[in-house]
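First up is the structure itself, then whatever we jot down about it.
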Amino acid sequence: MRNTAKLSTAVLAAGALTFGLTACGSGNDSASSDYSGPLVVAASPTPHAEILNFVEKNLAKKAGLDLQVKEFQDYIVPNTATEDGSVDANYFQNQPYLDDFNNKRGTHIVPVVTVHLEPLGLYSHKVDKVEALKSGATVAVPNDAVNEARALKLLAANGLITLKAGAGSEATPQDITKNPRNLKFKEVEAAQTARSLDDVDAAVVNGNYAISAGIKPAKEALVLESAKNSPYGNFLAVKKGNEKDPRVKKLAKLLTSPEVKKFIEDKYQGSVIPSF
């Protein structure tokens, strides 16, 4: 049986409240050293939870790991729940996003092992090639700092805009120096970018949300982020102090096994790329 629990809005809210009540006392204390019981991991549904469910079903028992997966639709609660101990670990994010999150929210989440990359892509229901985007076209981009900057860098890398020199992981449309097509940008939650495709001319969508929406990034993207030297690999993460949890070590080894690499390659056909 798959140990996957889909969390309701009420549960998410409760988790966020718990974090709010405990954050003031968390400081820089190391995480709990109680490593008994199942390892509970927060994950985005696709592909993270799917990969974890493969591990749970096919590899965990033999390795002596009791793995439970909790699915989250957003990019905030997995970290706050890891910080307050509601879950033991999470698997959904990349380093620039985590750095920004820790800095802004005072959390103490650290990466354990990088597993895969989901290339960011530009998609459209109205044109079938990027050259067909008309002057004044509206492009939806994620509204969180790191993913918005990543989206703008994708557009810049493909000649649609030019960003000012030095625009980094917090670049916004205000950092655009050249916009020859006079593109307009609609900032929406990352989870809503794929759903906005009928309302805009194009949208930059994170790989996990594209796959969840039935989009095949490797085939349908107008432009797709390069995997070469990418800083956006997704990793297993824990609260600082829990890196040596033997359950976490077991999961890290399983997530970077030949079996998982084959599963990713076979299932996602280039839309998700192993990073190990």
For this session: Please tell me if the side chains of S44 and F72 come closer than 4.5 Å, counting only heavy atoms from C-beta onward.
Result: no
For this session: Applying side chain to side chain donor-acceptor pair (under 3.5 Å), name anything that partners D266, two or more places apart in sequence or on another chain.
Result: K262
Problem set entry | E83 versus N79, side-chain donor and acceptor atoms under 3.5 Å | no
Problem set entry | Interatomic distance, L236 atom CG to T114 atom OG1 [nearest 0.5 angstrom] | 9.5 Å
Exercise. Apart from V87 itself, what residues make up its hydrophobic cluster when side-chain heavy atoms of I, L, V, M, F, W and Y under 4.5 Å apart count as a link, directly or indirectly?
Worked result: V40
Exercise. Mind checking whether I264 and F54 have side chains closer than 4.5 Å, heavy atoms only?
Worked result: no
Exercise. Could you state the interatomic distance from CG (D201) to NZ (K186), rounded to the nearest 0.5 Å?
Worked result: 11.0 Å
Exercise. Pairs in or reaching into residues 134-155: which pass side-chain hydrogen bond (donor to acceptor under 3.5 Å, both in side chains), with residues at least two apart or in two chains?
Worked result: D144-N147, N147-N206, R150-E225
Exercise. Are the side chain of R181 and the backbone of A137 linked by a donor-acceptor contact shorter than 3.5 Å?
Worked result: no
Problem set entry | Interatomic spacing from CG in L59 to CD in E56 - rounded to 0.5 Å | 10.0 Å
Problem set entry | Rounded distance (nearest 0.5 Å) linking atom CG of L117 with atom CG of N94 | 9.0 Å
Problem set entry | Side chain N179, main chain L183, donor-acceptor under 3.5 Å | yes
Exercise. Can you tell me how far CG of L122 sits from CG of L160, rounded to the nearest 0.5 angstrom?
Worked result: 7.0 Å
For this session: Answer whether the closest heavy-atom distance between the side chains of L39 and D66 falls below 4.5 Å.
Result: no
Exercise. L65 versus L251: any side-chain heavy-atom pair under 4.5 Å?
Worked result: yes
For this session: Would you check if L67 and V41 make a side-chain contact, meaning some heavy-atom pair closer than 4.5 Å?
Result: yes
Exercise. What are the two closest heavy atoms between V69 and L52, and how far apart are they?
Worked result: CG2-CB, 3.7 Å
Exercise. Hey, are D88 and N242 close enough side-chain-wise for a donor-acceptor pair under 3.5 Å?
Worked result: no
Exercise. Considering all heavy atoms of both residues, which atom of P231 and which atom of P96 are nearest to each other, and what is their separation?
Worked result: O-CD, 3.4 Å
Seminar exercise, completed: Of all heavy-atom pairs linking L163 and I161, the shortest is CD2-CD1, 4.2 Å
N/O donor to acceptor pairs below 3.5 angstrom from side-chain atoms of residues 210-223, sequence neighbours left out:
{"unit_1": "S212", "atom_1": "OG", "unit_2": "T46", "atom_2": "OG1", "d": "3.3"}
{"unit_1": "S212", "atom_1": "OG", "unit_2": "N208", "atom_2": "O", "d": "3.0"}
{"unit_1": "E220", "atom_1": "OE2", "unit_2": "K216", "atom_2": "N", "d": "3.2"}

Exercise. Between the side chain of D74 and the main-chain N/O of V77, is any donor-acceptor distance below 3.5 Å?
Worked result: yes
For this session: Kindly state each residue pair satisfying side-chain hydrogen bond (donor to acceptor under 3.5 Å, both in side chains) with at least one member in residues 243-255, sequence neighbours excluded.
Result: D245-R247
Problem set entry | Residues that E259 engages under side chain to side chain donor-acceptor pair (under 3.5 Å), provided they are two or more places apart | S257
Exercise. Is there any side-chain hydrogen bond (donor to acceptor under 3.5 Å, both in side chains) pair reaching into residues 160-171, and which pairs are they, with sequence neighbours excluded?
Worked result: K164-D175
Problem set entry | ring-ring contact (aromatic ring centres under 6.0 Å, His included) contacts touching residues 112-144 (sequence neighbours left out) | H48-H116, Y91-H116
Exercise. Can you name the side chain to side chain donor-acceptor pair (under 3.5 Å) partners of D100, sequence neighbours left out?
Worked result: K104
Exercise. Who else is in L98's hydrophobic cluster (ILVMFWY, side-chain heavy atoms under 4.5 Å, direct or via others)?
Worked result: I109, F235
For this session: Output all residues satisfying side chain to side chain donor-acceptor pair (under 3.5 Å) with Q174, sequence neighbours left out; order by chain, then residue number.
Result: T172
Exercise. Between S124 (side chain) and V127 (backbone), is there a donor-acceptor pair under 3.5 Å?
Worked result: yes
Exercise. Under the ring pair (Phe, Tyr, Trp, His ring centres under 6.0 Å) test, which residues partner Y209, sequence neighbours left out?
Worked result: Y75
Seminar exercise, completed: On a heavy-atom basis, the closest approach of F185 and L152 is CE2-CD2, 4.1 Å
Exercise. For the atom pair OG (S275) and CD (E118), what is the distance rounded to the nearest 0.5 Å?
Worked result: 9.5 Å
Problem set entry | Minimal non-hydrogen separation, V188 against A140, with atom names | CG2-CB, 4.4 Å
Exercise. Quick check: are there more than 12 heavy atoms from other residues, nucleotides or ligands sitting under 6.0 Å from CD of E189?
Worked result: no
